[in-house]
**Q** 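Handing you a structure now.
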Amino acid sequence: MLELNVAVRLIAASQIILICTAVARSSLPGPLRWSYLALSVGVICYLLAPTMTEQIIGLPMGLIMDQISNLVPAMLFLVAWLLFTDDRPVPIWAWLIAVGYTLSFQVWFFSGQEALGFALINQIGKLTLALSTLWFVWVDRRTDLVNDRIRIRVYFCGYVGAAVALVVSVELISLWQVPAVLELLGMTLILLAAFALNIYLVRIPSMQWHPKSLQKPQDPSVQNLINQIENTMVEQRYYAQGDARVTGMADLIGIPDYRLRRIINGNMGYNNFNQFLNSYRLEEAAQRLISEPHTPVLTLALDVGFRSISSFNTSFRTKYRCSPTEYRTDHLTES
């Protein structure tokens, strides 16, 4: 059983090493490419560290490999966030969880069995981050406009996130006394997850992240649909509905939702439906901040479709590089 476990670990590590070369030379966005490479290094350290003796790699290198492998859930979260979200910073709570379980690992690792509580904190933190990754990758699929990426979300959740969550859960429940059979199962899942992720990651460079051309389409039917979409947004103010969804808009226009996603992404230049909605919401809000100087900012935010003042402020500051109040004050002063 031990020999088989080591063999699976080595095969999984070699699979990841091979794909690292392809990813490093790919046209993936820089932050995504380097974060995926960092994740790969972390997984390789996790796979190989138990197979290395102190005589082979030395104590310092063993410590380094343990430290790097401990960061895999945080690296996985970062890769998923960069891959599946658009124009949103990594949330502060994710950084805090990552820092918290990293520090707890230091106390546990250098204190031995006396720091079992910190070991539990470490595992719970990693499990929380892994489950959070599964959650946002799955939930955000509803607003994704890149059809290829929607399919990747399903495989990511089914293989990669589930494998990490399962491995961490088993370690936590067994208090790191994992039976050989379960350890082999976990390593096999990681191998399959790496293989599945690699297959789909190599497709990403061909995905239409940012359409190269947004020129007027030659097909009259496509241009007619674009006109209907713009009419729905401008004349009917569909974006002002707090529960606006791709499926709801597709039903309103009378086309399949996958075709609506394709047109908004390929012909109008948006990767995410919330980005598309917010472009109209923010434009109206900016105009009304000036034309309605006595209307509260919260009232404007809710009226144009935002569900909370915090999401409105964040989106507004991202686009205009200032808060709504500052925007209103500056423009009223100029006039």
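Remember, predicted model here, so these are calculated numbers, not experimental data.
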**Q** Test Ser35 against every option in Leu83, Leu76, Val79 by the side chain to side chain contact (heavy atoms under 4.5 Å, CB included) rule and name the one that passes.
**A**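 The single option meeting the side chain to side chain contact (heavy atoms under 4.5 Å, CB included) with Ser35 is Val79.
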**Q** Main chain of Arg261, side chain of Asn265: is a donor-acceptor contact present, judged purely on distance under 3.5 Å?
**A**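 Absent.
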**Q** Just checking Tyr327 against Phe316, ring centres under 6.0 Å apart?
**A**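 Centroid distance Tyr327-Phe316: below 6.0 Å, so yes.
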**Q** With a 4.0 Å cut-off, would you call Asp140 and Arg153 a salt bridge?
**A**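 Salt bridge absent between Asp140 and Arg153.
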**Q** Within the structure provided, determine whether Thr133 and Trp138 are in side-chain contact (heavy-atom separation under 4.5 Å).
**A**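 A side-chain contact is absent here, since even the closest heavy-atom pair is not under 4.5 Å.
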**Q** Can you tell if the side chain of Arg149 reaches within under 4.5 Å of the side chain of Arg141, non-hydrogen atoms only?
**A**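 No, side chains not in contact.
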**Q** Are Phe273 and Met249 side-chain neighbours, meaning at least one heavy-atom pair lies under 4.5 Å?
**A**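 They are in contact (side-chain heavy atoms under 4.5 Å apart), so the answer is yes.
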**Q** Relative to Phe306, does Arg281 satisfy both conditions: NZ or CZ under 6.0 angstrom from the six-membered ring centre, and within 45 degrees of the ring's axis?
**A**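 Yes.
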**Q** Indicate the atoms forming the closest heavy-atom contact of Ala98 with Ala74, along with that distance.
**A**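 Between these two residues, the closest heavy atoms are CB-CB, 3.9 Å.
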**Q** Could you tell me whether a side-chain N or O of Gln106 sits under 3.5 Å from a main-chain N or O of Thr102, the two making a donor and an acceptor?
**A**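 Checking the backbone N and O of Thr102 against the side chain of Gln106, a donor-acceptor pair under 3.5 Å is found.
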**Q** With the side chain counted from C-beta on, respond yes when Asp66 and Asn70 share a heavy-atom pair under 4.5 Å apart, and no when they do not.
**A**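 No, side chains not in contact.
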**Q** Would the distance check show the side chain of Glu326 and the main-chain N or O of Ser323 forming a donor-acceptor pair, the cut-off being under 3.5 Å?
**A**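 Yes, because the side chain of Glu326 sits within donor-acceptor range (under 3.5 Å) of the backbone of Ser323.
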**Q** Kindly determine whether Arg237 and Tyr280 satisfy side chain to side chain contact (heavy atoms under 4.5 Å, CB included), including the steps that lead there.
**A** CA-CA 9 Å; Arg237 293 182 74 241; Tyr280 289 90; over 6 Å; no
**Q** Would you call the rings of Phe77 and Trp81 parallel, tilted or perpendicular, where under 30° means parallel and over 60° means perpendicular?
**A**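 Phe77 and Trp81: parallel rings.
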**Q** Take Ile290 and Arg328, measure what side chain to side chain contact (heavy atoms under 4.5 Å, CB included) needs, and give me the verdict at the end.
**A** CA-CA 6 Å; Ile290 301 171; Arg328 169 182 273 172; 5.9 Å; no
**Q** Quick one: does Val246's side chain get under 4.5 Å of Leu145's, heavy atoms only?
**A**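 Heavy-atom side-chain distance check passes, below 4.5 Å.
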**Q** Taking the side chain as everything from C-beta on, heavy atoms only, tell me whether Pro324 gets closer than 4.5 Å to Asn313.
**A**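 Yes, at least one pair of side-chain atoms sits under 4.5 Å.
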**Q** Within a strict 4.5 Å, meaning less than it, do heavy atoms of the Glu230 and Met268 side chains meet?
**A**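 A side-chain contact exists here, since the closest heavy-atom pair is under 4.5 Å.
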**Q** Please say which of Val146, Thr143, Asp144 ends up in a side chain to side chain contact (heavy atoms under 4.5 Å, CB included) with Asn271.
**A**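 In the set Val146, Thr143, Asp144, the residue that makes a side chain to side chain contact (heavy atoms under 4.5 Å, CB included) with Asn271 is Val146.
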